[in-house]
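A quick write-up on the structure given underneath.
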Amino acid sequence: MMDDLDLGFDEQDRGEKGKHRRGAVRKRKGGSGGGGGRGKTVLALLLAFVLLGTIGGGAFYGFDRVQSYFVTPDYDGAGTGEVTVEIKQGALIADMANALVTAGVVKSAKAFVEAAEENARSKNIQPGTYKLRKQMSGESAVAAMLDLKNRIVNGITVPEGRTAKSVYKLLSEKTKIPVKEFEAAAKDPIARGVPDWWFKRTDNKKVKPSIEGFLYPDTYEIPPKATAETIIEQMVENFLSVTGEMEFADRVQKERGGISPYEALIVASLAQAEAGRKEDLGKVARVAYNRAYGEFPCNCLEMDVTVNYYLELTGQDTKTSAEMTKEELLDTKNPYSRKLRGMIPTPINNPGKDAMAGAMDPPVGKWLWFVAVDKKGTTEFAETYDEQLKNEAKARENGVI
């Protein structure tokens, strides 16, 4: 039956194996006939599908597919009903479009992308959770996401340098999810999205995977039906996004003399805990590297913050350096002892971007000691112990120690 159907190809076309078609292409290239030729081609396609419609209803599906190449699938108007859509941190316009299609908000990703391209303000669309409607036009969806009334604000700010235990408490207060659920969710950091290669060390020390260090400090929009698992995964995803943009792991492996990215993350947490000012983060990181891997006599960290981390980890009250007993300061049974050789087992908090940058690319220096010398947080660094003693004297004069 198909042999009897005339779709506009004559016997000469068939018999000469397309010779005339090739000639027709050459003809369209010269002069003003190009636009008309294209229009006739589209018309021929449409007529062909109309004719095929008499053969079977399935041909209309083919027609719809061809039509989609020329007309962007889109809904009309502002839509109906209600749906919430989460736009993740770092999402591009294309990612947003795909999320909206999945939620049934727009008919096609192309409809949203084209509408965003036509609206200069679309670059202001922020990550978060939005209350939208189903079956919205691309233009309406863009406008709705630019209207702050449609953004569900449930922001939680996690400060830099908080320990995981402290983060769980903060999240629990804001979300009413019990701390125990966060602790349970964090027991397997790899299941929460931390790649297993992060838990590799080059100093031959064993690693027990911990979520500490991977709960990136930032302000988070918590979706209405969030769980402890999804919130931790959101924070881990943010950590991976930030460190990926920094090229943290790659640069550490290339530039830090064989130290692993995980060890550098530990150093970032030490700098975050010890540095009084942003400009000192890199210098404190350098001191940590010099002590653990350099020419420091004991190759130990000798930082009281590691002792305090262990106290918090084991449910004890943290202390100032002056309050710590000699036994606590010298206890080598403590895996975070200030006197153990080399680097401690895990990060001691969740460092921010500046601290990680300082650990990734610390300034060159032979400093082995540092001390805050005034109440403004000014820190003096020393290469020799005699220099350190002079700095400590200055700190005592200013009532700091």
With distance as the sole test, does [X] use its side chain to make a donor-acceptor pair with the main-chain N or O of [Y] at under 3.5 Å?
| X | Y | result |
| --- | --- | --- |
| E328 | T325 | yes |
| T219 | I156 | no |
| E181 | P178 | no |
| D386 | L389 | no |
| N350 | G213 | yes |

* With a 4.5 Å limit on heavy-atom distance, are the side chains of N290 and F296 in contact? -> no
* Summary of salt bridge (Lys or Arg N to Asp or Glu O under 4.0 Å) pairs that have at least one residue in residues 74-102, sequence neighbours excluded -> none
* Qualifying salt bridge (Lys or Arg N to Asp or Glu O under 4.0 Å) pairs, either residue in residues 303-314, two or more places apart ->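 Qualifying pairs: D304-R338.
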Charged N-O contact under 4.0 Å between [X] and [Y]:
| X | Y | result |
| --- | --- | --- |
| E383 | K366 | no |
| E255 | R251 | yes |
| E380 | K390 | no |

* Which pairs, with at least one residue in residues 221-246 and sequence neighbours excluded, count as a ring-ring contact (aromatic ring centres under 6.0 Å, His included)? -> W198-F239, F214-F239
* Taking ring pair (Phe, Tyr, Trp, His ring centres under 6.0 Å) as the test, write out the residues that go with Y336, two or more places apart. => Y309
Could you give the side-chain donor-acceptor pairs of residues 223-230 under 3.5 Å, partners two or more places apart or in another chain?
unit_1: T227; atom_1: OG1; unit_2: E229; atom_2: N; d: 3.4
unit_1: T227; atom_1: OG1; unit_2: E229; atom_2: OE1; d: 3.4
unit_1: T227; atom_1: OG1; unit_2: T230; atom_2: N; d: 3.2
unit_1: T227; atom_1: OG1; unit_2: T230; atom_2: OG1; d: 3.3
unit_1: T230; atom_1: OG1; unit_2: T227; atom_2: N; d: 2.8
unit_1: T230; atom_1: OG1; unit_2: T227; atom_2: O; d: 3.0

N/O donor-acceptor pairs under 3.5 Å from side chains in residues 139-149, not counting sequence neighbours:
unit_1: S140; atom_1: OG; unit_2: G77; atom_2: O; d: 3.1
unit_1: S140; atom_1: OG; unit_2: S137; atom_2: OG; d: 2.8
unit_1: D147; atom_1: OD1; unit_2: K149; atom_2: N; d: 3.0

* To do: Please test L171 against Y220 for side-chain contact (heavy atoms from CB on, under 4.5 Å), starting from the C-alpha separation and ending with a verdict.
  => CA-CA 10 Å; L171 293 173; Y220 291 90; over 6 Å; no
* Asked: Is the distance between the ring centroids of Y385 and W369 less than 6.0 Å?
  ->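 For Y385 and W369, the ring centres are under 6.0 Å apart.
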